Amino acid sequence: MRPVRNSAKAIIVRDGCLLAIKKVDEVGYYYILPGGGQEPGETLAEAVRRECLEEIGADVSVGDLWLIREYIGKNHEFAEADHDFHAFELMLRCALVTDAQLGVGTNMDEGQVGIEWLPLAKLETIRFYPMAIRPIIVRAHSAVGETERGPIYLGDVN
């Protein structure tokens, strides 16, 4: 079994859209949050800023820790490939400092074909992972403005 991995993810919402990394696999396009593995000696804020520069080409200001997702690969639909993968994704509210270089990352993810602003109104119909956070993000940014306090531990979800 591989060691448990911490991953810092950025939740960036602007003008009713969520910024996501666009990837492709044998089924087609899918989307994930920008971010990735935390390096030894690196804070969560440092990790998410570094990962955003690498994957989306933009500096971000880092806000509060909002959502915590545990992912134990053997329990989900990608169990064949992820059977020995266990991670904690720590999702932080972030905002773009500048978007001058948006989309020109220095070290894009494997399978990454770009970035895309996903309309929140359609998020629950898009192949976006983790699926469990789609309704939380939509509800938190809806016109009714239900304020979601964090951090919220979601458990082992996909």
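Nothing here was measured: the structure is a model prediction, and the numbers come from that model. The basis for the numbers below is simple: all heavy atoms, side chains too, and nothing from hydrogens, waters or symmetry mates.
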Asks: Going by an N to O cut-off under 4.0 Å, is there a salt bridge joining R93 and D64?
Replies: no
Asks: Over all heavy atoms of both residues, which pair between N107 and E55 is shortest? Give the atoms and the distance, please.
Replies: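 Looks like O-CG, 4.2 Å.
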Asks: Taking C-beta and beyond as the side chain, do N158 and R69 meet within less than 4.5 Å on heavy atoms?
Replies: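 Yes, close enough: below the 4.5 Å cut-off.
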Asks: Quick one: does any side-chain atom of R134 pair with a main-chain N or O of I126 as donor and acceptor, under 3.5 Å?
Replies: yes
Asks: Quick check for you: to the nearest 0.5 Å, what is the distance between K74 atom NZ and D156 atom CG?
Replies: 9.5 Å
Asks: To the nearest 0.5 Å, what is the distance between CG on L33 and CG on L67?
Replies: 9.0 Å
Asks: So which heavy atom on P34 is nearest to which on A20, and how close?
Replies: CD-CA, 4.5 Å
Asks: Side-chain contact, heavy-atom cut-off 4.5 Å: M91 with I133?
Replies: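 Yes; the side chains approach each other to less than 4.5 Å.
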Asks: How close do F88 and V4 get, counting heavy atoms only, and between which atoms?
Replies: CD1-CG1, 3.7 Å
Asks: Any heavy-atom pair between the side chains of L154 and I136 that's under 4.5 Å?
Replies: yes
Asks: Side-chain contact, heavy-atom cut-off 4.5 Å: L118 with E116?
Replies: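 Yes; the side chains approach each other to less than 4.5 Å.
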Asks: How long is the gap from CH2 on W66 to CG on L92, to the nearest 0.5 Å?
Replies: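 It comes to 11.5 Å.
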Asks: Taking the side chain as everything from C-beta on, heavy atoms only, tell me whether W117 gets closer than 4.5 Å to I12.
Replies: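 They are in contact (side-chain heavy atoms under 4.5 Å apart), so the answer is yes.
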Asks: Identify the two heavy atoms, one from E42 and one from E39, that lie closest to each other, and give their separation to 0.1 Å.
Replies: OE1-N, 2.9 Å
Asks: Between E54 and R50, is the closest basic N to carboxylate O distance under 4.0 Å?
Replies: yes
Asks: Hydrophobic clustering (ILVMFWY, side-chain heavy atoms < 4.5 Å, transitive) - are I56 and V97 grouped together?
Replies: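 No, no single cluster joins them.
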Asks: Between OH of Y129 and CD1 of I32, what distance do you get to the nearest 0.5 Å?
Replies: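 One gets 11.5 Å once the value is rounded to the nearest 0.5 Å.
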Asks: Which heavy atom in S7 sits nearest to a heavy atom in G37, and how many Å separate them?
Replies: OG-N, 4.0 Å
Asks: Do L18 and Y31 come close enough that some side-chain heavy atom pair is under 4.5 Å?
Replies: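 No; the side chains remain at least 4.5 Å from each other.
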Asks: Test your reading of the model: is there a side-chain donor-acceptor pair from K23 to the backbone of E110, 3.5 Å cut-off?
Replies: yes
Asks: Donor-acceptor check, side chain of N6 to backbone of Q38, threshold 3.5 angstrom: yes or no?
Replies: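 No; zero donor-acceptor contacts below 3.5 Å.
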Asks: Can you name the nearest heavy-atom pair linking V48 to V60, along with the distance?
Replies: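 Nearest pair, atom of V48 first, then V60: O-CG2, 4.5 Å.
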Asks: So, do P135 and E124 sit near enough that their side-chain heavy atoms are less than 4.5 Å apart?
Replies: yes
Asks: Shared ILVMFWY cluster between V27 and I21, side chains joined below 4.5 angstrom?
Replies: no
Asks: Answer yes if L53 and L102 sit in the same cluster of Ile, Leu, Val, Met, Phe, Trp and Tyr residues linked by side chain heavy atoms under 4.5 Å apart, and no otherwise.
Replies: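 No, L53 does not connect to L102 through the hydrophobic network.
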Asks: Can you tell whether the side chains of R49 and D59 come within less than 4.0 Å, N to carboxylate O?
Replies: yes
Asks: Taking atom CZ of R127 and atom CG of D25, what is their separation to the nearest 0.5 Å?
Replies: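 Going from the CZ atom of R127 to the CG atom of D25 covers 4.0 Å.
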Asks: Do M108 and Y29 belong together in a cluster built from hydrophobic side chains that touch within less than 4.5 Å?
Replies: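 They do not share one cluster, since no chain of ILVMFWY contacts under 4.5 Å joins M108 to Y29.
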Asks: Could you give the distance from CD1 (I115) to NZ (K22), rounded to the nearest 0.5 Å?
Replies: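 It is 11.0 Å, given to the nearest 0.5 Å.
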